[in-house]
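The figures here come from the full heavy-atom set of this structure, side chains too, leaving out hydrogens, waters and symmetry mates. For ligands, and for the atoms within them, numbers begin at 1 and follow the listed sequence. All values reported here derive from a predicted model rather than from experimental measurement.
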Amino acid sequence: MGKNSIVVGCQWGDEGKGKIVDLLASEVDIVARFQGGANAGHTIRVDDKKYVFHLIPSGILHENKVCCIGNGVVLDPFGLKEEIDVLTSQGIDYSNRLAISGAANMVLPYHKLIDAIQEKARGTSSIGTTKRGIGPAYIDKVARHGIRVVDLFAPERLRKRLDYQLKIKAQYLEGSDDERADLDRTYDELLGLVDLFKPLVRDVSRFLYESDKAGKTILFEGAQGVLLDVDLGTYPFATSSNTTSGGCLTGLGIGPNMIDTVVGVVKAYTTRVGAGPFPTELIDDTGEKLRAKGDEYGATTGRPRRCGWLDLVALRHAVRVNGVESIAITKLDVLDGLDEVKVCTEYDLNGESLSEVPLDMAELFHVKPVYKTLAGWDGTCTAKTSFDDLPENAQKYLRYVADDLGVEIKIVSTGAKRDETIICQ
Ligand code: IMP
């Protein structure tokens, strides 16, 4: 691995970034999260314990690693407290190891209420958001009336900003009997977090700059995936942040010269949770098999994920817009036992062949995937720790994908546990 690397999801999220970041975290000093919020759900299994983090970077399970939450994250302070409580109950010492940017905007209970109301109003065009208040919080940030972490320490300003919310969000909050609309309550509860947050809040941008200068290594942890990027994904069926490597710079306040390499995480097939186009979706037995075997249910919402074949057209886009140099392929074991494995190499749009995603992503609703069919494999990939021990056809599958994308394979994950992994270089 280069000194400092960005790890990004190359599909619609849920690629297994949590496990990959957890693995790579052992090689670095700092793990820093740059966008998204508690819509993410990063699952890590260590021994027989399963951890799901929504906000805290996946490096927290390694002793001595510092984990940062950048200004680009929308931070649910109550959700973060719950995650901190889990750490405490598990005896994981996070003191001096968790740093939160004071410039991060907060997701407050009313954002979640508004998220739910807006989703309902969208009717049949709903996005299928996680209802974690992500969109409404980013809207407030860009509209410049968001409430930031630093506001916690200025109670008068906090009160004023909350009062202003009542004015501008009257259509959602006035007369509501939902407790999330009660801003007096939110104010009191926020003040109750001040002591917990005070020692954690830092100038993350400066901390990273100084750490880099001092020779420390940093892993930048992305959440969601490129196809959910608000600019480069399947808009409007997207999240509200830049999930791609560009988001890392603004989301942490760092310069491009701090990045040495970009690692893309690619699931060996494709999944998507929520609405929106998905050209290689399988609405058949194979799709069901992938869901069951891959345990494809959302880590944040528990919703069943839509499943389909690997999509090289979409992955070419992911590699290009992120500057991906190497990939980590996850869940290869889930493809064990299939007679054949398909890979989408092109889209057919009304007779026109496309090798790249169309400019208007809405056309993804209408494209037909063109597949290359590769032979499945006898034997299993499960828990293999060496590339050479993989069934030959599994090796061919991986090489086919890497050659097409022009990237190196860095890691292959062959099971959920930390040690069910092949490190390729
Ligand atoms: P939001 O980010 O909650 O606004 O949701 C917008 C879209 O992104 C929905 O389709 C969600 O299902 C999807 N999404 C958000 N976060 C994740 C994630 O971490 N993994 C997979 N999908 C996600």
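Taking a cutoff of 4.0 Å between a charged side-chain nitrogen and a carboxylate oxygen, Lys267 and Asp14 do not qualify as a salt bridge. Using a cut-off of 4.0 Å between Lys/Arg side-chain N and Asp/Glu carboxylate O, Asp163 and Arg159 are scored as salt-bridged. One finds a salt bridge joining Asp151 and Arg157 here, because a Lys/Arg side-chain nitrogen approaches an Asp/Glu carboxylate oxygen to under 4.0 Å. In summary, Lys289 and Asp285 do not engage in a salt bridge, as defined by a charged side-chain N under 4.0 Å from a carboxylate O. A salt bridge is defined here as a Lys NZ or Arg NE, NH1 or NH2 lying under 4.0 Å from an Asp or Glu carboxylate O, and Asp419 with Lys417 fails to meet this definition.
Nearest non-hydrogen protein atom to atom 23 (C) of ligand 1 is Leu228 CD1, 3.6 Å. Of all protein heavy atoms, the one lying nearest to atom 21 (C) of ligand 1 is Asp14 OD2, 3.1 Å. Protein heavy atom nearest atom 10 (O) of ligand 1, with residue, atom name and distance: Val273 O, 3.2 Å. Protein heavy atom at the shortest distance from atom 2 (O) of ligand 1 is Thr239 OG1, 2.5 Å. Of the protein's non-hydrogen atoms, the one nearest atom 3 (O) of ligand 1 is Thr130 OG1, 2.5 Å.
Between Tyr371 and Trp309, the ring planes are perpendicular. Angles over 60° get that label, and only those under 30° would be called parallel. Aromatic ring orientation, Trp377 versus Tyr397: tilted (interplanar angle from 30° to 60°).
Residue-level proximity to ligand 1 for Trp12 is carried by the backbone, the only part with a heavy atom below 4.0 angstrom.
Close approach of ligand 1 to Ile127 (heavy-atom distance below 4.0 Å) involves ligand atoms 6 (C), 10 (O).
Considering backbone and side-chain atoms together, Arg132 places no N or O closer than 3.5 Å to any N or O of ligand 1. The distance criterion of under 3.5 Å between nitrogen or oxygen atoms is not met by Asp115 with respect to ligand 1. Residue Gly128 has at least one nitrogen or oxygen atom sitting less than 3.5 Å from a nitrogen or oxygen atom of ligand 1, judged on distance alone. Ligand 1 has no nitrogen or oxygen under 3.5 angstrom from a nitrogen or oxygen of Thr129. Among the atoms of Gln224, some N or O lies under 3.5 angstrom from an N or O of ligand 1.
At least one heavy atom of Ala238 sits less than 4.0 Å from an atom of ligand 1. Contact annotation: Ala40 has at least one heavy atom less than 4.0 Å from an atom of ligand 1. Taking 4.0 Å as the cut-off, Arg303 counts as a neighbour of ligand 1 on heavy-atom distance.
With Leu200 as the fixed residue, the side-chain contact (heavy atoms from CB on, under 4.5 Å) test singles out one of Ile69, Val149, Ile100, Asn96: Ile100.
Cation-pi check for Arg202 over Phe207 is met; the charged atom lies under 6.0 angstrom from the ring centroid and within 45 degrees of its normal.
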Asn4/Ile259 under side chain to side chain contact (heavy atoms under 4.5 Å, CB included): CA gap, chis, key distance, verdict: CA-CA 5 Å; Asn4 297 336; Ile259 312 295; 5.7 Å; no
